[in-house]
Amino acid sequence: MCGRYAASRGPEDLAGTFGVEKWDAEETLAPDYNVAPTKEVYVVLDRPLKDAADPRPVRQLRTLRWGLVPSWAKTPEGAARMINARAETVHEKPSYRRAFAARRCIVPADGYYEWVTGQQERDLEVEGRKKRPRKQPYFVLPADGSVFAMAGLYEFWRDRTLPDDHPAAWWATCSVITTEAETAPLAAAPADGPRALADIHPRMPLMLTPDRWDDWLDPARTDPDGLRHLLAPPPTGLMRAYPVPTAVSNVRNNGPELLKELEGPEEGTLF
């Protein structure tokens with residue numbers, strides 16, 4: 001899954017990486033090393049500019065709330081649980097299928113955090129029988145240090161309790177798509193730690209390689225069957241993972257020190 005990640009890159013950096021044409025300086029976010037559900041996050045999307053005479057899609061860097069609220073929802077309650085959509089079923093689930101067809105985005109990150117559990121607990125989690133307790137946190141990132149382009153979806157939700165001209169009348173929210181974790185060896189595995197992403201957690205965010213960015217963001221592509229090939233996992237061997245301080249487990253902690261690479265798991269944790 002993806003329940004926490006780091007995002008330290010600024011708008012200029014992201015604009016250059018993704019070919020962004022427009023972003024609002026007033027929406028600039030501070031570097032966040034402990035992004036949690038319901039926080040404001042950057043997303044890259046292709047969409048016509050509001051009230052523009054030119055109807056062509058423009059690549060934009062927007063600030064959205066992490067935790068998708070479907071357009072048909074009566075209330076935003078439950079958004080914190082809608083942070084992930086499964087690649088295997090995103091085309092058919094009522095909460096996600098409309099966004100998959102028309103409102104796809106990229107959620108840029110440095111990498112994501114995941115907490116290692118024992119094999120028996122992981123088996124139970126796959127079966128949906130047990131909530132996984134958090135143990136030793138690991139940071140997973142592209143081995144070459146490039147941006148982690150997570151496949152995402154976005155939606156707009158109208159709060160009918162507010163007047164049209166209220167600044168909070170519309171919510172813009174997003175979700176990260178996940179896929180099965182890789183079982184192939186990591187590009188750089190810790191000597192005494194997990195050897196593959198699947199050793200850490202059975203799910204991982206779907207990373208989009210640059211050759212898929214334009215097709216994924218193209219709003220003209222609306223046929224779900226024609227989009228499903230973009231949900232294929234990326235080539236193996238692109239990721240590395242390393243243990244980080246357990247301080248990241250507390251959402252109140254934030255700073256680059258959370259990304260410190262430890263020589264091994266902290267005392268008393270798994271692996």
Side-chain angles (χ1 to χ4, degrees), residues 1-8 32-37 83-88 107-152 176-209 231-251 253-271:
M1 62 177 294
C2 178
R4 209 83 66 76
Y5 68 92
S8 66
D32 195 336
Y33 299 90
N34 203 351
V35 181
I83 60 172
N84 293 158
R86 296 174 69 94
E88 297 87 347
V107 183
D110 302 331
Y112 71 98
Y113 299 103
E114 198 54 83
W115 285 257
V116 169
T117 61
Q119 183 61 51
Q120 184 177 10
E121 288 177 318
R122 287 200 299 272
D123 291 343
L124 290 173
E125 185 187 23
V126 171
E127 297 171 10
R129 292 168 53 194
K130 185 176 181 180
K131 176 73 172 179
R132 178 174 54 86
R134 288 176 172 169
K135 301 290 185 179
Q136 172 61 49
Y138 278 76
F139 189 61
V140 183
L141 70 162
D144 62 3
S146 62
V147 65
F148 195 128
M150 301 188 291
V176 172
I177 295 178
T178 66
T179 188
E180 289 187 359
E182 295 176 2
T183 57
L186 289 160
D192 58 349
R195 311 303 296 174
L197 291 181
D199 293 336
I200 300 175
H201 192 277
R203 307 288 298 179
M204 63 176 286
L206 175 62
M207 185 176 77
L208 296 172
T209 49
L231 297 171
T236 59
L238 300 180
M239 312 300 293
R240 65 180 293 248
Y242 61 83
V244 293
T246 53
V248 73
S249 300
N250 188 330
V251 296
N253 296 327
N254 206 317
E257 67 277 4
L258 299 180
L259 298 183
K260 179 182 178 182
E261 183 170 356
L262 304 180
E263 294 183 1
E266 291 188 352
E267 185 177 356
T269 60
L270 295 175
F271 280 104

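- A perpendicular orientation is assigned to the rings of Tyr112 and Phe148, their planes being inclined by more than 60° (bins at 30° and 60°).
- Residues passing the side-chain contact (heavy atoms from CB on, under 4.5 Å) test with Glu180 are Glu88, Arg203, sequence neighbours excluded.
- For the atom pair Ile200 CD1 and Gln136 CD, the distance stands at 10.0 Å (nearest 0.5 Å).
- Distance check: Asn254 CG to Asp32 CG gives 4.5 Å after rounding to the nearest 0.5 Å.
- Between Met207 atom CE and Cys2 atom SG the span is 13.0 Å, to the nearest 0.5 Å.
- The two residues Gly3 and Ile83 make their nearest non-hydrogen contact at CA-CD1, 3.9 Å.
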- request: For Trp115 and Val248, run side-chain contact (heavy atoms from CB on, under 4.5 Å): C-alpha distance rounded to whole Å, both residues' side-chain angles, the deciding distance at 0.1 Å, then the answer.
  value: CA-CA 10 Å; Trp115 285 257; Val248 73; 3.8 Å; yes

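- Residues meeting the side-chain contact (heavy atoms from CB on, under 4.5 Å) test with Thr236, sequence neighbours left out: Glu182, Ala184.
- In this structure the side chain of Phe139 never reaches within 4.5 angstrom of the side chain of Leu258, judged on heavy atoms.
- Across Ala247 and Asn253, no two heavy atoms sit closer than the pair O-ND2, 2.7 Å.
- For Asn34, the side-chain hydrogen bond (donor to acceptor under 3.5 Å, both in side chains) test picks out Arg4, with sequence neighbours left out.
- Two residues are said to be in side-chain contact when any heavy atoms from C-beta on lie closer than 4.5 Å; Pro137 and Thr246 meet this criterion.
- Of the options Tyr138, Tyr113, Tyr33, a side chain to side chain contact (heavy atoms under 4.5 Å, CB included) to Val244 is made by Tyr113 and by none of the others.
- For the pair Ile177/Met150, no side-chain contact is recorded, criterion being any heavy-atom separation below 4.5 Å from C-beta on.
- When each of Val140, Leu262, Leu259 is paired with Tyr242, the side chain to side chain contact (heavy atoms under 4.5 Å, CB included) condition holds for Leu259 and for no other.
- Residues meeting the side-chain contact (heavy atoms from CB on, under 4.5 Å) test with Ala7, sequence neighbours left out: Tyr5, Val35.
- One finds the OG1 atom of Thr178 at 6.0 Å from the CZ atom of Arg86 (value rounded to the nearest 0.5 Å).
- Between Leu231 and Leu206 the shortest side-chain heavy-atom distance falls below 4.5 Å.
- In this structure, Thr179 and Pro205 approach most closely via the heavy-atom pair CG2-O, 4.5 Å.
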task: Please report the C-alpha distance between Thr209 and Leu238 in whole Å, then the side-chain angles of each, then the deciding distance to 0.1 Å, and finally whether the side-chain contact (heavy atoms from CB on, under 4.5 Å) criterion is met.
output: CA-CA 10 Å; Thr209 49; Leu238 300 180; 4.2 Å; yes

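- Here the closest heavy-atom approach between residue Val147 and residue Ala109 is recorded as CG2-O, 3.5 Å.
- Applying the side-chain contact (heavy atoms from CB on, under 4.5 Å) rule to Ala143 yields the partners Ala187, Arg240; only residues at least two apart in sequence or on another chain are considered.
- Residues passing the side-chain hydrogen bond (donor to acceptor under 3.5 Å, both in side chains) test with Glu257: none are found, sequence neighbours excluded.
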